[in-house]
Amino acid sequence: MGRTVPSFRIAEAQEVSEWKPFRKALPKRDRGAFDQMLNSARLYTSASSAAVRTSRFEGMAMALVFHHYRLLARAMGAFSEIAPEEDHR
Amino acid sequence: MRGLILDLYPGEPGEMVVWLKLEDGGTARLVDHWSPSIFIGAGRNSDLGVPLKIVGQDLAWTRKAMKYERVTDREKSEVVEVRLKDARRVQQVAGRIERLGPFGAHRLYNADVPPNQSYLYEHDLFPLAYCEVAQSGDRLEWELRDDVWAYDYDIPNLRKVEVDVDIAKEGRLARFTDRIEAVRLRSDGGEVVIDGGDEGDKLLGLVRAVRDADPDFITSRDGDSFLFPYLVRRAEASGLAAGLSLDREGTTMKVPSKKGTSYFSYGRIHYKPSAMKLYGRIHIDVNTSFAYSEAGLEGLFELSRICRMPLQTSSRASIGKALSSLQFYHASKADLLVPWKPTLVEHFKDRNELLVADRGGFIFEPKMGVHEGVGELDFSSLYPNIMLRKNLSAETVRCPCCPDSKNRVPELGWNVCERRKGIVPLAIKIIVEKRLRYKELKKEAKSADYDRYNARQAALKWLGVTTFGYLGFNNAKFGRIDAHIAVCAWDRKVLLDASRVAERRGFEVIHGIVDSLWVKRERAERDDYIELKSEIESETGFAMSFEGIYKWVTFLPSKEDADVPVLNRYFGAYQDGELKVRGIEARRHDTPAAFARCQMEILRTLARADSVGAARAAVPEGMVIFLGHAEELERHETPASELAFTTNLSKAPEEYRSMTVQHAAVKQLVGEGAQLHAGEGIRYVITDYRGRDSKRATPADMVRDETKYDSRRYIELLAETCASVLQPFDPRCTPAGLLSLYESRKSVPLG
């Protein structure tokens, strides 16, 4: 008995670790941004876990897309305040 | 005759010895003609003649019995009850039968239920139960005048003595070859010091003093792992081995032939020494007793009573073992046999179902940073209540008898039995209900009563926590992962429902973990939170407690990665100034006492602040506290004893390769003759962190007045500890920032 499926938190850490070769191939100046991007998925670990996907990357990818959508929406909102007359859609 | 059941154990073959603590303060040794049974199940056509022949001289009698063999059985089946003559030979006999054929040829039951526990179950008794007993021939006739459900029982007239020994150490560590300098016996009446004459005189003095004091309890520090074996060795060296007896039977004290064991639990290695039990008197090694360390004697009493486990056993047992005993009692009452080697497997699940099922409780990632006006709401004993109210047990989840049950597991849709109560809910009822009552009682109680109720509820809390873990533990007799999974599924539903209610009422969920929610709404007052609590309770059906509103609370990021939140590292101050601290150094058992003290001093300073802004303004005061402690370290004014790190060895001493500070301490201990095992705890002080040899650290027991700790390293570590609580309020208070602040205050470099 005991757990058969690793928790999403552990699975996510494994997934991040498996992207190390990708990270290594990036220019040094981009590696920090890459780490930051992957870390942003961890802000939604519970939601990714609740989604129960067979591929752990799917849960992570949705978290990343969603996080970036939120940032973008916030940026658009801020931009609209500065330049309200433009159509920023 | 009336009294409390103090101790019981198998005596001569066919005998159970019971010690009664009488009302006049005296004790009585009673003997009941009794021995335990094991049960054998076999195929319909199997011949039980062979196994019974194997039992041979150990057999008292046999008879056919109708019992439930498996916890999932709906009907009783015929088994053979084998009553043995000698309770001490049960497992040997069971082993002989098992080896007769392939695994499962003879199904053996109740073979590893300790005989004294079987006696208690069979007679519906429990330790410290107040009873009336009469001798009828060679049998005892019991009349229970107590109730295991009682809340206000009193345990009077128990005499306690603490035994300690001053050792004339020849080396830096005490060894079995060192002589006794003095023996000390401490009790409420004061301290008796036996230091006259030679070593033999001191040992005989100890035996006499214990006999005269006639205590019911002897407590010791490391009595199992060192002190009592040491006394045995010294008695042997003095030619007095046969005279060393500290129990009421006059039994010569011996070192058990069975060695201690290392075991793995929740990611850590632990070590359990062999028990040095006494007969008719209770020996508690306070350093190895989980129940005693968590809940004191009162907690131990409650645990022993509820779980029907003798005091010396429960003081050494894991909470899981105690819980098993409670389940065995309910099994025996329900005619359910306890499998020697359980074979219950989980229900088949395909990959998709497994992915949905095999998940833990729900967690909302904390919103990192400092927050103001956050309220905390906790579900009361949520997991035990889920098991009790939803009837979750190995045999009830996905039972074959109720496919259309209305009681279904969320997300998974599994049916749960509606026809019978599961063994786990049966056992847990007393834990949940008594704990709730004790918590109510302690609210109105004062001083001694408060302490008593608090200790009892603390013991029950651990039992409740363990019940959930045992549902998924592969060695549990009545566990099955499906029931464990069902509890988690219910938890996820309850916490999600609770958060939806909170959001509906305009609250933002700041953090949520398993059974606790931290929520916030601008200008929300206590009444708003109470209303929220009521609505969550009515929507989920589970009771909550409102813990309070924080003046400020901070949820910390991971130490490795500042962008990533961690679930269980936070601290905050309630409106009444009370601090809640989780996961940081001050709460960790391995943190040196001086560091914990410094961190708590800073936290108490911050806790005086009524807002986040005021806490930020208090940061300089925190810095001053850090600087003061750092200066004390540099001047070596902090005692080395307060700087000891504690760790459990993750491997045997010979398996260490690189010279870590832990290895340095281990090497010195082994060099002094200490026998260390994986899982054993050691304490050490860092003496030369940047060195490369075994002088990097010194074991705490070998620290002398002249030992110089590595103050530079300790100041670095102190800066990390203080940064944990200051940095959330001032980003400049990083470990490096605090160190540089300290350096700037000094004219000479650290050394």
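Heavy-atom basis, side chains included; hydrogens, waters and symmetry copies ignored. Order of the sequence lines sets the chain letters (A, B, ...), proteins ahead of strands, with each chain counted from 1.
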Taking salt bridge (charged side-chain N to carboxylate O under 4.0 Å, His left out) as the test, write out the residues that go with D112(B), two or more places apart.
K477(B)

Taking 4.5 Å as the heavy-atom cut-off, does anything in residues 23-41 of chain A contact chain B, and if so which residues?
Q36(A), N39(A)

How close do N352(B) and T54(A) get, heavy atom to heavy atom, and via which atoms?
OD1-CG2, 3.6 Å

Roughly how far apart are I363(B) CD1 and F8(A) CZ, rounded to 0.5 Å?
13.5 Å

Give me each pair satisfying side chain to side chain donor-acceptor pair (under 3.5 Å) with a member in residues 59-75 of chain A, each pair once, sequence neighbours excluded.
Y44(A)-H67(A), Y44(A)-R70(A)

If you draw a 6.0 Å radius around CD in E522(B), do more than 12 non-hydrogen atoms from other residues or ligands fall strictly inside?
no

From S49(A) atom OG to R359(B) atom CZ, the distance as rounded to the nearest 0.5 Å:
5.0 Å

Distance-minimising heavy-atom pair for L43(A) and D563(B)
CD2-O, 3.9 Å

Contacts satisfying salt bridge (charged side-chain N to carboxylate O under 4.0 Å, His left out) that involve residues 39-57 of chain A (not counting sequence neighbours) are E15(A)-R56(A), E18(A)-R56(A), R53(A)-E58(A)

Is it true that, when you exclude K349(B) itself, more than 12 heavy atoms of the residues, nucleotides or ligands shown sit nearer than 6.0 Å to its NZ?
yes

Please state whether the side chain, the backbone, both or neither of V564(B) comes within less than 4.5 Å of a heavy atom of chain A.
side chain

State the CG-OG distance between L567(B) and S46(A), to the nearest 0.5 angstrom.
7.5 Å

Part of R351(B) within contact of chain A (heavy atom distance under 4.5 Å)
side chain

